[in-house]
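Reviewing the structure listed below.
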Amino acid sequence: MAINKIKGTYDVLPNESYLWQALEQKIRDILGLYNMKEMRTPIMEYSDVFHRHTELSDMVTKETYNFDDRGNRKLTLRPEGTAGIIRSYVENKLYTSQELEKVYYIGPNFRYERPQKGRYRQFYQFGVEAIGTIDPALDAELIILAYDFIKRLGLKGVRVRINSLGNEKSRDTYQEALKNYFIPHKDELCEDCKVRLEKNPLRILDCKVDHNHKAVKNAPTPQDYLDTESRAYFKKVLDHLNITKISYEIAPKLVRGLDYYSHTVFEIEADIEGFGAQNVLGGGGRYQNLVSELGGPNLGGIGFAFGMERLLLALEAENVDFAKEKELDAYVIVFDENLKTIATNILYELRLANLICDTNFTQKAFKGQLKQALKMKAKYLIILGDEEYQKGVVGIKDTKTELQEEVLIPKIKKYLLEKLEK
Ligand code: HAM
């Protein structure tokens with residue numbers, strides 16, 4: 001019996017992988033401009049990396065894949081990148097060599113969510129983290145980077161939404177106010193939100209069940225509770241953004257779904273029809289306690305992550321021509337089975353010259369081989385027949401102009417390199 005893929009996962013097939021490769025290349029190129037270095041951390045971590053006592057988000061309490069390994073260790077498949085990066089930052093004492101570590105990462109994450117378009121149980125993120133300092137210029141740099149990235153990808157209908165949760169003190173005052181505000185509405189809230197009300201009322205604001213409730217819609221916002229220091233910090237972030245003239249909007253209700261944020265939070269949203277709740281392409285914010293909670297010094301950081309499936313869906317929805325599959329430079333068609341060794345050598349020589357080429361391995365008749373070559377969009381056909389071989393030549397046909405020329409076998413490489421202007 002054939003076995004199917006797990007619900008919420010997908011395969012990247014050979015004719016789609018170039019899109020992923022192009023996206024990854026873009027990420028590497030652009031992040032390089034911002035002097036960010038790649039970091040690769042394991043997909044599985046000890047559960048404690050994510051299941052910290054302070055972390056109460058749905059993502060961690062309800063959506064993680066947890067298991068015991070054969071040595072009875074409690075492990076979790078990472079639901080996001082940040083916690084693992086910070087675990088590694090602390091474990092490798094990266095703070096001793098750099099005051100500010102700017103890194104990026106690309107890789108799969110796992111969340112037990114209800115699968116739908118743009119929401120999977122295994123999904124790819126690329127993210128960045130700048131760890132070690134607190135500076136409004138850095139918050140702005142990351143928002144500018146996120147904006148720059150989507151612009152360079154060619155996405156147009158995209159909005160950058162920003163908010164501030166304020167420093168710890170402002171955030172706590174706000175939490176308290178929010179709790180008092182929601183208490184009279186407790187009975188109207190969903191069961192989860194009743195628990196959230198006690199433990200972390202901020203989470204009520206992004207509840208997937210209650211988000212349309214009047215009380216949720218009219219709730220006070222973090223902006224109402226920012227103290228002078230937090231207000232000044234946020235203003236400086238905006239000053240940095242304003243000078244670059246990137247477009248953004250302040251979203252007073254934005255609190256984000258994870259618990260580790262304070263000060264600046266932001267999301268990148270696509271205005272794309274049919275995207276529904278999956279229109280958030282990426283998001284992030286500042287975290288001041290994560291490093292110390294994971295056993296490191298008292299240092300803050302800021303980061304964001306984009307969902308790569310959602311980026312590809314957005315590129316498709318906007319019809320952005322952002323990647324091309326590599327086409328074959330040449331395809332060798334062999335008329336006679338005995339000439340296959342000659343073809344092998346021609347291919348080897350051409351590949352040494354970095355030409356992309358192929359031939360037929362299924363012994364099809366000429367017509368079949370030609371069809372295959374055209375399907376692969378080969379620019380040139382190298383036609384090797386008995387008669388030609390006796391003369392030491394091949395026919396080379398330009399598939400666009402349909403012009404065919406005879407070329408001496410030792411000159412094939414030079415001929416094609418000139419024609420292809422390589
Ligand atoms: P997040 O908002 O949970 O943040 O995820 C970031 C992005 O990952 C989302 O905006 C979305 O595009 C994508 N994503 C999340 N869940 C799924 C899913 N089930 N299927 C497809 N795409 C998904 C974080 O993960 C934080 N670690 C971001 C961050 C970095 N904050 C600070 N540093």
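Since we're looking at a predicted model, the values are computed, not measured. One-based numbering, in listed order, for ligands and for the atoms of each.
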Worksheet item: Side-chain donor-acceptor pair under 3.5 Å between Thr64 and Thr76, yes or no?
Response: no
Determine all donor-acceptor pairs shorter than 3.5 Å in which one atom belongs to a side chain in residues 299-312; sequence neighbours excluded.
| residue | atom | partner | partner atom | Å |
| --- | --- | --- | --- | --- |
| Glu309 | OE1 | Tyr124 | N | 3.3 |
| Glu309 | OE2 | Tyr10 | OH | 2.4 |
| Glu309 | OE2 | Tyr124 | N | 2.7 |
| Arg310 | NE | Gly118 | O | 2.7 |
| Arg310 | NH1 | Val280 | O | 2.9 |
| Arg310 | NH2 | Gly118 | O | 3.1 |

Only distances under 3.5 Å count here; give the side-chain donor-acceptor pairs of residues 346-359 to other protein atoms, sequence neighbours excluded, each with its distance to 0.1 Å.
| residue | atom | partner | partner atom | Å |
| --- | --- | --- | --- | --- |
| Arg351 | NE | Cys357 | O | 3.4 |
| Arg351 | NH2 | Cys357 | O | 2.7 |
| Thr359 | OG1 | Val332 | O | 2.7 |

Discussion item. I'd like the residue list for ligand 1, meaning every protein residue with a non-hydrogen atom under 4.0 Å from the ligand.
Written reply: Glu80, Thr82, Tyr105, Arg111, Glu113, Gly118, Arg119, Tyr120, Phe123, Gln125, Glu129, Arg256, Leu258, Tyr260, Tyr261, Val280, Leu281, Gly282, Gly283, Gly284, Gly285, Tyr287, Gly303, Phe304, Ala305, Gly307, Arg310
Worksheet entry | Pairing of Glu229 and Lys169 as salt bridge, 4.0 angstrom limit | no
Practice prompt. State which residue, out of Thr264, Asn167, Asp139, fulfils the side-chain hydrogen bond (donor to acceptor under 3.5 Å, both in side chains) condition with Arg286.
Written response: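 That would be Asp139; it is the only one of Thr264, Asn167, Asp139 passing the side-chain hydrogen bond (donor to acceptor under 3.5 Å, both in side chains) with Arg286.
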Worksheet item: Does anything in residues 155-209 pair up under ring pair (Phe, Tyr, Trp, His ring centres under 6.0 Å), and if so which pairs, sequence neighbours excluded?
Response: Tyr174-Tyr225, Tyr181-His185
